[in-house]
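Beneath this line is the structure, given in structure tokens, with notes to follow.
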Amino acid sequence: MNGIDALLAAVQANCHVSDARHARNMTLCTYLLEMRELYRWERGIALTAPVPRAAVGAWLSQREALWSELEGEEYRRLPLGDALVDPFDAAALNRELLPGNFVYGAGIGRFGKPQFFLGELEREERRDGVRILVSRRELARDLAPAPAALRDGTIYVRLESLQRVLSERAEAWGRKRTEGALKAALDAHGFERDPEAALESMAAAEAETLILHELGEHRAALALSPAWERMLAGFTRRPAELFARAARDHLADCTTTLPALLARDADVSLDLWFAGLDGMRRELFPRIVGAYDAWRQGDRGRALSCAIAAGAAHWREVCDRILKLHAGRGADAERAIEALAGATEIRL
């Protein structure tokens, strides 16, 4: 495609500006892990290969120096033919990029961090009126990329970023090698025998789980009204945002993702879903954890089906309560939402 090199340089420059403004908001542990993985990606090092610590340290210092220079920069408009396009106008860019098998994504992620990427398009499809764009190799990206996102009625799935997430989970598991959901999924994909092939096959399979989740997010957005997205965009306190996102994640998964996986007998994908159930999401929904244990012990999904059905109603009610607090409590809304997060009655 003509002009792809100039576009690539501009997108990567915007990724640097986003990282310069927001990377230091991460916890130190997360920051160091994400920087290691960004170094790995830039250098083309395989996910299963070790990364030289000394080289990463020198590169990290250089990157932080670059960020210090860029922190006050504005995001660049992107070259598209003879025009310059707003970097958040993904629809305009993709009208030109998709026929050449490229895909561009842009939006505001967690805690207000803009995210941009340019990748090679693997496939495009439509479900329930939603466009789905799946990218494999990424040509430009920022720190801590989300493997899937719903933006303006389009679902973006990034297989390369998904493989990285799965690789990080497998690496963490390898330090203790405990029994459980993740081990079951790794064994099913033959991770011990061929880690690289297993990560690739896992990403190909789990792309469907991500699509199902984002379809659930789309349906939740229709049910909750645009006020929900305006609320997320306006949060200034992380605990309130984390709780709201966790509640809507559960709503999306109980209405769409988990019913589909259970109906399809997608056992390995269910294992991986539960392997990723951590933090606040796990704390809020202990019933689903017990139901998973019953499923693993052979109850044929009866407890899971009941927990999923209960969750669909419960998390819709919780999301409605969050919206009501946000609309009615003014300047105190976020603290009220945080208080709700700690209430016993909202756990299921």
Side-chain angles (χ1 to χ4, degrees), residues 1-23 34-47 49 51 55-56 58-109 113-124 131-149 151-152 154-164 200 203 207:
M1 174 183 167
N2 292 334
I4 193 67
D5 290 339
L7 175 62
L8 172 58
V11 174
Q12 189 59 60
N14 285 343
C15 291
H16 289 325
V17 173
S18 176
D19 291 340
R21 294 181 180 181
H22 296 275
E34 294 297 343
M35 290 297 281
R36 185 196 72 176
E37 291 309 304
L38 183 60
Y39 176 90
R40 182 195 301 278
W41 174 77
E42 289 189 358
R43 297 299 189 271
I45 299 172
L47 292 173
V51 174
V56 174
W59 168 86
L60 192 152
S61 297
Q62 294 169 1
R63 183 55 49 89
E64 289 180 338
L66 173 65
W67 288 347
S68 295
E69 298 173 5
L70 295 177
E71 193 167 357
E73 295 288 325
E74 297 298 322
Y75 294 111
R76 296 186 188 181
R77 294 175 69 82
L78 302 179
L80 185 63
D82 296 328
L84 290 174
V85 179
D86 187 299
F88 292 97
D89 192 353
L93 284 145
N94 281 326
R95 281 194 291 271
E96 300 297 324
L97 290 173
L98 294 178
N101 291 319
F102 294 99
V103 57
Y104 173 75
I108 306 299
K113 184 184 188 301
Q115 292 201 309
F116 309 99
F117 86 96
L118 180 67
E120 295 176 349
L121 180 69
E122 175 165 284
R123 69 179 188 272
E124 176 181 359
R131 187 184 214 179
I132 301 167
L133 301 174
V134 180
S135 168
R136 180 167 288 280
R137 190 166 76 97
E138 295 175 6
L139 307 174
R141 51 154 282 194
D142 60 353
L143 194 63
R151 313 281 192 209
D152 298 324
T154 297
I155 293 171
Y156 298 87
V157 176
R158 300 166 60 175
L159 294 177
E160 187 173 358
S161 288
L162 176 56
Q163 282 193 47
R164 290 183 188 281
E200 186 167 348

Quick one: do Y104 and L7 satisfy side chain to side chain contact (heavy atoms under 4.5 Å, CB included)? Show the steps, please. CA-CA 10 Å; Y104 173 75; L7 175 62; 5.7 Å; no
What's the spacing between L8 CG and L118 CG if we round to 0.5 Å?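 The CG atom of L8 sits 6.0 Å away from the CG atom of L118.
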Gap between atom CG of L133 and atom CZ of R158 - 0.5 Å precision: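 Between atom CZ of R158 and atom CG of L133 there are 12.5 Å.
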Could I get the full list of ring pair (Phe, Tyr, Trp, His ring centres under 6.0 Å) partners for F116, not counting sequence neighbours?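 With neighbours one apart ignored, the set is Y75, F88.
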According to side-chain hydrogen bond (donor to acceptor under 3.5 Å, both in side chains), who are the partners of [X], at least two apart in sequence or on a separate chain?
{"X": "E120", "result": "R137"}
{"X": "R21", "result": "none"}
{"X": "R123", "result": "E125"}
{"X": "S135", "result": "none"}

Show the atom names and distances, to 0.1 Å, of all donor-acceptor pairs under 3.5 Å that link a side chain in residues 64-72 to residues at least two apart or in another chain.
residue : atom : partner : partner atom : Å
E64     : OE2  : Y31     : OH           : 2.5
S68     : OG   : E64     : O            : 3.1

Set of residues satisfying salt bridge (Lys or Arg N to Asp or Glu O under 4.0 Å) with respect to E124, sequence neighbours excluded: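 For E124 the salt bridge (Lys or Arg N to Asp or Glu O under 4.0 Å) partners, ignoring immediate neighbours, are R131.
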Do R164 and E34 pass the side chain to side chain contact (heavy atoms under 4.5 Å, CB included) test, and can you show the C-alpha distance, the side-chain angles, and the key distance before you say yes or no? CA-CA 10 Å; R164 290 183 188 281; E34 294 297 343; over 6 Å; no
Output side-chain donor-acceptor pairs under 3.5 Å for residues 36-45, partner residues at least two apart or in another chain, one line each.
residue : atom : partner : partner atom : Å
R36     : NH1  : E171    : OE2          : 3.0
R36     : NH2  : E171    : OE1          : 2.8
E37     : OE1  : R40     : NE           : 3.0
E37     : OE2  : R40     : NE           : 3.3
E37     : OE2  : R40     : NH2          : 3.3
R40     : NH1  : A46     : O            : 2.6
R40     : NH1  : A49     : O            : 2.7
W41     : NE1  : E138    : O            : 3.4
W41     : NE1  : E160    : OE2          : 3.4
E42     : OE1  : W59     : NE1          : 3.1
E42     : OE1  : R63     : NH2          : 3.1
E42     : OE2  : R63     : NH1          : 2.8
E42     : OE2  : R63     : NH2          : 3.1

Which heavy atom of [X] sits nearest to which heavy atom of [Y], and what is that distance?
{"X": "P145", "Y": "S161", "result": "CG-OG, 3.4 Å"}
{"X": "L78", "Y": "A10", "result": "CD2-CB, 3.6 Å"}
{"X": "A90", "Y": "A106", "result": "CB-N, 4.4 Å"}
{"X": "A207", "Y": "L159", "result": "CB-CD2, 3.6 Å"}

Is any side-chain heavy atom of [Y] closer than 4.5 Å to one of [X]?
{"X": "D142", "Y": "K113", "result": "yes"}
{"X": "L97", "Y": "V103", "result": "no"}
{"X": "P114", "Y": "H22", "result": "yes"}

Tell me, please, which residues at least two apart from [X] pass side-chain contact (heavy atoms from CB on, under 4.5 Å).
{"X": "R151", "answer": "Q115, A149, Y156"}
{"X": "A9", "answer": "none"}
{"X": "A13", "answer": "R76"}
{"X": "D89", "answer": "V85, D86, A91, A92"}

For D152, does the CG atom have more than 12 heavy-atom neighbours from other residues, nucleotides or ligands under 6.0 Å away?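 No, the 6.0 Å shell around CG holds no more than 12 heavy atoms from other groups.
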Working for side chain to side chain contact (heavy atoms under 4.5 Å, CB included), residues L139 and V11: CA-CA 9 Å; L139 307 174; V11 174; over 6 Å; no
